[in-house]
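See below for the structure under consideration.
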Amino acid sequence: MLKVRDIMTTDVVTVRLETGIRELAEIFTSRRIGSVPVVDEGGNLIGIVTESDLVEQDRNLHIPTVISLFDWVFYLESEKKFEKELQKMTGQTVADIYTGSVETVTPDTSVSDVADIMSTRKVHTLPVVEGRKLVGIVSRIDLIKTMVK
């Protein structure tokens, strides 16, 4: 049975929280990749940033609907959601747009489990970690390559 260690990419492009949006866009275009793990100075995984996170910067801002009753203002949508959307749209660094909660796998995870995770969670790439340390990355194309071997 194939394991993640058999198909993962170990030479992983990573970014840090202080990486600028322009540099991130250059990484996506020059490397032709759709997501990049975010690591701290010790190489520990702290999140992931995707092309979708970057594309959100070009979206139209949706102002939440509010009702004003006397001197009170009631948001009909989450005020926190609006703040997060605004932060992503105006972000200048990876810290402003990345996702902190990341689905991960280990080198010993089976390839079939990876396929299940990618399919059910609708993710294209999974960071491979040992503890918190990033050791690789596995993507859909890595799974597809196993079908032609």
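Please read all numbers here as calculations on a predicted model, not as lab measurements. One is the number of the first residue; the rest follow in order along the sequence.
Shortest non-hydrogen contact noted between Tyr98 and Val38 is CB-CG2, 4.0 Å. Glu130 and Pro107 get closest at one heavy-atom pair: OE2-CG, 3.6 Å. Between Thr109 and Val105, the closest heavy-atom pair is OG1-CB, 3.6 Å.
Separating the OG1 atom in Thr106 from the CG atom in Leu126 is a distance of 11.0 Å, to the nearest 0.5 Å. Here the OG1 atom belonging to Thr104 is positioned 11.5 Å from the CD1 atom belonging to Ile137, to the nearest 0.5 angstrom.
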Quick one: side chains of residues 39-47, donor-acceptor pairs under 3.5 Å with protein atoms, not counting sequence neighbours, listed by atom name and distance.
unit_1 : atom_1 : unit_2 : atom_2 : d
Asp40  : OD1    : Gly42  : N      : 2.9
Asp40  : OD1    : Gly43  : N      : 3.1
Asp40  : OD1    : Asn44  : N      : 2.9
Asp40  : OD2    : Asn44  : ND2    : 3.4

Result block: side-chain N/O donor-acceptor pairs under 3.5 angstrom for residues 15-28, not counting sequence neighbours:
unit_1 : atom_1 : unit_2 : atom_2 : d
Thr19  : OG1    : Arg16  : N      : 3.1
Thr19  : OG1    : Arg16  : O      : 3.0

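There is a path of hydrophobic side-chain contacts, each under 4.5 Å, that joins Ile117 to Val128. With hydrophobic clusters built from ILVMFWY side chains whose heavy atoms lie under 4.5 angstrom apart, Ile33 does not share a cluster with Leu134. Cluster annotation: Val102 and Val13 are assigned to distinct hydrophobic clusters (Ile/Leu/Val/Met/Phe/Trp/Tyr, side-chain heavy-atom contacts under 4.5 Å, transitive). Val135 and Ile48 are not part of a single hydrophobic cluster, where members link through side-chain heavy atoms under 4.5 Å apart.
Considering only residues two or more places apart in sequence or on other chains, Arg140 meets the side chain to side chain donor-acceptor pair (under 3.5 Å) condition with His124. Every residue two or more places apart in sequence or in another chain that forms a side chain to side chain donor-acceptor pair (under 3.5 Å) with Thr50 is listed here: Asp53. Applying the side-chain contact (heavy atoms from CB on, under 4.5 Å) test to Val111 and every residue at least two apart in sequence or in another chain returns Leu2, Ile7, Leu143. Partners of Ser112 by side chain to side chain donor-acceptor pair (under 3.5 Å), not counting sequence neighbours, listed by chain and number: Ser110. Contacts of Asp108 classified as salt bridge (Lys or Arg N to Asp or Glu O under 4.0 Å), with partners at least two apart in sequence or in another chain: Arg5.
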Using the side chain to side chain contact (heavy atoms under 4.5 Å, CB included) rule, take Ile97 and Val49 through it: C-alpha gap first, then chi angles, then the decisive distance, then the call.
CA-CA 7 Å; Ile97 67 171; Val49 63; 3.8 Å; yes

May I have the step-by-step check of side chain to side chain contact (heavy atoms under 4.5 Å, CB included) for Val138 and Thr125, ending in yes or no?
CA-CA 6 Å; Val138 64; Thr125 306; over 6 Å; no

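Sorted by first and then second residue, the salt bridge (charged side-chain N to carboxylate O under 4.0 Å, His left out) pairs involving residues 112-121 (not counting sequence neighbours) are Glu103-Arg121.
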